[in-house]
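In each ligand, atom 1 is the first atom listed, and ligand 1 is the first ligand listed.
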Amino acid sequence: MEPFTYTRVSGTRDAVAAGQRGGRYIAGGTTLVDLMRETVERPTALVDITGLPLRDTTVAADGTLRIGALVTMADAAADPRVRTAYPVISQALELSASAQLRNMATLGGNVMQRTRCAYFRDVTAACNKRTPGAGCAALHGVNRAHAILGTSEHCVATHPSDVAVAFAALEAGVRLLGPDGERTVAFRDFLLPPGTTPQREQAIHPGELITAVEIPAHPRPLRSGYLKVRDRQSYEFALTSAAVALHVEGGVVRAAKVAAGGVGTVPWKLTAVEQYLTGKPPSPRLWRDAAARAAGGARPLEHNGFKVELLERTVERQLRIVGGTR
Ligand code: SF4
């Protein structure tokens with residue numbers, strides 16, 4: 001670990017000022033400290049934000065659910081307002097990490113967490129995300145767990161968060177506070193695919209601080225859930241996952257919100273699946289035909305071609321579970 005300074009702040013403006021001076025925010029520390037120990041991350045100044053008043057969950061008059069950035073994964077998953085309105089969020093959180101980590105890790109940190117690509121975490125391996133221009137060892141290395149959607153020749157790493165997949169499906173927004181005030185960035189624009197700059201992972205400016213995640217109101221009734229497929233049933237990242245929310249009324253799918261994890265360089269919104277579902281009566285055939293559109297545009301690597309069929313089957317199964325027509 002490299003030497004660094006440590007500052008604790010109690011006000012959001014002080015935090016932003018410290019961030020502007022180059023400080024890295026730290027809350028639960030469940031990712032950053034590991035990366036610092038391995039010298040993958042070498043911040044020279046840490047800004048402890050655990051004292052900031054960002055631990056509230058509220059529901060606005062228009063129905064927007066606002067979860068503070070410092071709410072822990074465990075608390076967000078257990079919140080009755082989250083569990084009742086959006087089981088997909090609670091399930092995604094409870095299928096993540098371990099109980100100990102969920103008690104420490106915050107929602108803001110979860111969204112900002114870095115990839116689990118083994119080459120990224122091995123400082124002896126070539127990695128454009130860690131060292132721009134160095135190359136990508138995963139392209140011709142062991143890439144079974146890597147992405148098939150949203151990749152570039154510069155990086156093929158998946159985004160590791162489960163709850164971010166639920167947020168993408170539900171078209172959440174990320175609330176930011178910066179030197180110039182507050183703004184909300186739509187989730188689909190917040191996490192960035194690698195393109196030619198894989199080292200840039202979020203649409204966030206220097207000094208900006210995540211203050212909350214906002215989930216807009218969706219038509220009711222809304223049934224939702226999260227399915228995660230992985231090599232073992234605990235403490236493992238997704239090979240594929242599906243976040244599904246369906247508004248079915250009058251015997252027809254009125255609205256469908258669907259996203260996939262474990263397959264994209266960012267949580268992957270399945271717009272073609274959503275469009276195919278909308279306006280049609282639920283049936284096993286509908287789930288199958290919609291899921292067949294999940295992997296459009298996929299570009300498998302040497303070891304992860306299995307993800308194409310696995311993704312389609314994961315989406316079909318979760319549509320059946322949430323849609324209730326088996
Ligand atoms: Fe680095 Fe991305 Fe290549 Fe992994 S896939 S080695 S994170 S550039």
Side-chain angles (χ1 to χ4, degrees), residues 1-2 24-26 29-43 96-97 101 105 108-165 167-168 187-204 228-232 235-241 259-269 295 297-308 310-311:
M1 191 181 280
E2 305 285 331
R24 282 288 299 276
Y25 300 130
I26 185 167
T30 54
T31 292
L32 182 56
V33 173
D34 282 355
L35 293 174
M36 289 172 65
R37 285 196 182 117
E38 293 164 7
T39 66
V40 174
E41 294 261 22
R42 301 174 188 206
S96 303
L101 288 168
N110 185 291
V111 168
M112 293 292 290
Q113 70 179 293
R114 308 205 69 189
T115 183
R116 295 285 155 170
C117 172
Y119 300 108
F120 170 74
R121 286 164 186 258
D122 174 358
V123 292
T124 67
C127 174
N128 286 323
K129 194 180 281 294
R130 181 168 25 81
T131 310
C136 171
L139 277 177
H140 302 291
V142 178
N143 47 42
R144 177 175 177 272
H146 287 72
I148 58 173
L149 291 158
T151 57
S152 75
E153 67 266 37
H154 301 280
C155 180
V156 291
T158 55
H159 192 274
S161 170
D162 290 296
V163 74
V165 182
F167 290 151
F187 212 80
R188 65 175 177 276
D189 300 324
F190 184 71
L191 295 176
L192 304 174
T196 58
T197 54
Q199 73 278 13
R200 185 155 189 264
E201 297 176 320
Q202 299 91 15
I204 193 166
K228 182 174 182 177
V229 178
R230 46 190 166 169
D231 282 329
R232 60 182 183 211
Y235 198 39
E236 183 56 285
F237 293 90
L239 288 171
T240 61
S241 71
V263 290
T265 51
V266 294
W268 205 255
K269 184 79 158 151
R299 294 198 308 173
L301 302 162
E302 184 180 356
H303 303 126
N304 66 4
F306 71 96
K307 284 193 174 187
V308 171
L310 189 61
L311 171 61

- Message: Looking at E201 and K129, is any side-chain nitrogen of the basic one under 4.0 Å from a carboxylate oxygen of the acidic one?
- Response: yes
- Query: Can you list the ligand 1 atoms lying under 4.0 Å from a non-hydrogen atom of F120?
  - Reply: 7 (S)
- Task: Using a 4.0 Å heavy-atom cut-off, say whether C127 meets ligand 1 through its side chain, its backbone, both or neither.
- Result: both
- Query: Which residue and non-hydrogen atom of the protein lie closest to atom 2 (Fe) of ligand 1, and at what distance in Å?
  - Reply: C155 SG, 2.4 Å
- Message: Please list, in number order, the atoms of ligand 1 under 4.0 Å from a heavy atom of A126.
- Response: 6 (S)
- Query: Are any non-hydrogen side-chain atoms of L311 and L149 less than 4.5 angstrom apart?
  - Reply: yes
- Look at R144 together with D231 and state whether they make a salt bridge at an N to O cut-off of under 4.0 Å. yes
- Query: Among protein heavy atoms, which lies nearest atom 5 (S) of ligand 1, and at what distance?
  - Reply: V156 N, 3.3 Å
- Are any of the side-chain heavy atoms of L191 and Q202 separated by less than 4.5 Å? yes
- Which is it for H154 and ligand 1 at heavy atoms under 4.0 Å: side chain, backbone, both or neither? backbone
- Atoms of ligand 1 less than 4.0 Å from Y119 heavy atoms? 6 (S)
- Query: Just wondering, is there an N, O or S atom on C136 that's nearer than 2.8 Å to atom 1 (Fe) of ligand 1?
  - Reply: no
- Looking only at heavy atoms, the pair that brings K228 and A238 closest together is CE-N, 3.6 Å
- To the nearest 0.1 Å, how far is atom 4 (Fe) of ligand 1 from its closest protein heavy atom, and which atom is that? C117 SG, 2.3 Å
- Quick one: are V123 and E38 in side-chain contact, heavy atoms under 4.5 Å? no
- Residue among M1, R130, E41 satisfying side-chain contact (heavy atoms from CB on, under 4.5 Å) with L35: E41
